[in-house]
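Here's the structure we're looking at; comments come further down.
Numbering of ligands and ligand atoms starts at 1, following listing order.
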Amino acid sequence: MTRRLFWKLCGPLALGTLVLVWVVTFLGDETEQKMSFIAAQHQQTLKHWGTTAEQLYYAGDEQALADWLAELQARENTWAAVVRSDVQPLAGSTLSAQFQEGFRLGRNVEWKIHLYFTENPIMDLTFADGHTHFLVTLPQRMRPGTYLPEVKLLLKVALPLAVLMLLASVIYHYLMGPLRQLELATRAFSEGNLGVRVRPLLGNRSDELTALAETFDRMAERTGDLILTQRQLIADLSHELRTPLTRIDMAVSCAEEGIDTQDFLPRIRRECRVMRSLVEDALTLAWLENEQPSLDHDNLDLTDLLDSISEDARYEYPAHVIESSLPDQAEISGSSQRALAQAIENVIRNACLYTPGGGHVRVTLQPDGDGYRLTIDDEGPGVADDQLELIFTPFYRTVQARDDRPDGHGLGLALARRQIEAAGGWIRAANRSGGGLRMTLWFPEARSRRA
Ligand SMILES: Nc1ncnc2c1ncn2[C@@H]1O[C@H](COP(=O)(O)OP(=O)(O)OP(=O)(O)O)[C@@H](O)[C@H]1O
Ligand SMILES: [Mg+2]
């Protein structure tokens, strides 16, 4: 079985997880990066302090500068100072331009701040002369990244959780959709809606769940058919039993009233025989329909079987000419002597029954493919073309047959078809061009037994 569902689930899950990891990492880095800079208004304030310190310094009023520094430190609860950084190169060495440009005592206000340092950094605002600096430890209120822990929690816990829940919900609905349909269908079926089917409701998808739906539909189809057939069988059987029962009832009433008992007893016996054969045939039919058995335990010679059936028919219908054209032998294996005998007998008996006395019935057996083809031609009225299939339905009889042979029940061909199919063959009816019916039966020569 192809694991379609596995790949269908695996794809989005694997891809979704990869994308999620990438997005979380990317957003984490981006936000951390963005949160590492001092806010623009704080940068302005720091620069303004630098300018104030520079102005006070150049004004030469050291006391004013000292007061301002003291007041600033107290107000912002920080450390601030104005310092000189005259770097004196010694031993004849020189200061390179790169060194002079990059030399700072603290950090530029526009630089990135390391959020993981516990100590706040010292900011450096260099005066115009290049070697006097206003230094201030970044006040706590200006420290960036205040909400970093919360943002990280959001990104690393809340976001993956939300995305995974969304993914789980999509997968859940994808799996539960067909299962829900199956559940509803099973419930509807159990409540008697035999026509319910699931596969058409699942659209174009094709995976293990649609396979399950197809299996359900097949099961519903077969079980539904069986239930309907059995219902029909019971209804027809009850109907057919009514007539002999009524006759028996009447015969018993007459016997009770003392009217010619001798004549009624054989009638009761006859009706009982009819009922027994009806019930037996109906039970065999129900068994063949329900169990769909494979009748494959006998080896037999069709020529012998046909010889003996034809012989019986000649005896039973002496007014008919029954011709047979059979090969010397026609052995078949993996079949059922009993089922084939009963089926062929029914067909030959029909041919004799529906052919007027003096008419011909021709039985021909010949090899055909990997089996044998048996044709039984008669000179009866044939069957209307649109009823050639219907005559294999249990209890179905043509109007003409009802008039000509009121004692038939319409079970012979239904039984014959199921028996022949259970033995691996088939049977068909066709009208002969010159009048009469041709029944064609085919039997496999050798059949491997079903495991
Ligand atoms: N050889 C035939 N010629 C004409 N009609 C036939 C022939 N064989 C069968 N039929 C038609 O098919 C119907 C069904 O045949 P089937 O053998 O099942 O039932 P039946 O002969 O009426 O009764 P049963 O066999 O149960 O006694 C018959 O009633 C008849 O209408
Ligand atoms: Mg019959």
| field | Any Arg405 heavy atom less than 4.0 Å to ligand 1 | value | yes
| Can you tell me if CG on Asn77 sees more than 12 non-hydrogen neighbours from other groups inside 6.0 Å? | no
| query | Under 4.0 Å from ligand 1, counting heavy atoms only, is it the side chain of Leu413, its backbone, both or neither? | reply | both
| note | Residue, atom and distance of the protein heavy atom nearest atom 2 (C) of ligand 1 read Leu437 CD2, 3.5 Å
| said: Heavy-atom distances under 4.0 Å decide this one: backbone, side chain, both or neither, for Met439 against ligand 1? | reply: neither
| task | Decide whether Asp236 and Gln232 meet the rule of one side-chain donor and one side-chain acceptor closer than 3.5 Å. | result | yes
| note | Nearest heavy-atom contact between Ala313 and Ile348 is CB-CG2, 4.0 Å
| task | Determine whether any heavy atom of Phe392 lies closer than 4.0 Å to an atom of ligand 1. | result | no
| query | Would you call Arg362 and Asp377 a salt bridge, taking side-chain N to carboxylate O under 4.0 Å as the test? | reply | no
| request: Kindly determine whether Gln419 and Gln342 satisfy side chain to side chain donor-acceptor pair (under 3.5 Å), including the steps that lead there. | output: CA-CA 8 Å; Gln419 284 165 322; Gln342 207 179 341; 3.0 Å; yes
| said: Counting neighbours of CD on Glu30 that are heavy atoms of other residues, nucleotides or ligands and sit closer than 6.0 Å, is the number greater than 12? | reply: yes
| Sub-3.5 Å N/O-N/O distance, Asp407 and ligand 1 | no
| field | Nearest heavy atoms of Gly50 and Leu125, plus distance in Å | value | CA-CB, 4.1 Å
| message | Take a 6.0 Å sphere around CZ of Arg205 and say whether it holds more than 12 heavy atoms from other residues, nucleotides or ligands. | response | yes
| field | Within reach of ligand 1, part of Thr398 (heavy-atom separation under 4.0 Å) | value | both
| query | atom 28 (C) of ligand 1: which protein heavy atom is closest, and how many Å away? | reply | Tyr354 OH, 3.3 Å
| request: Report yes or no: does a heavy atom of Gly412 sit under 4.0 Å from some atom of ligand 1? | output: yes
| Asn346 heavy atom under 4.0 Å from ligand 1 | no
| query | Any idea which protein heavy atom is nearest atom 14 (C) of ligand 1, and the distance to it? | reply | Tyr396 O, 3.4 Å
| Nearest protein heavy atom to atom 22 (O) of ligand 1, by residue and atom, and its distance? | Arg397 NE, 2.6 Å
| Does Gly410, backbone or side chain, put an N or O under 3.5 Å from an N or O of ligand 1? | yes
| query | Should the proximity of Ile391 to ligand 1, defined as any heavy atom under 4.0 Å, be assigned to the side chain, the backbone, both, or neither? | reply | both
| said: If you apply the rule side chain to side chain donor-acceptor pair (under 3.5 Å), what do you find for Tyr396 with Gln387, and how did you get there? | reply: CA-CA 10 Å; Tyr396 184 85; Gln387 294 173 26; 3.2 Å; yes
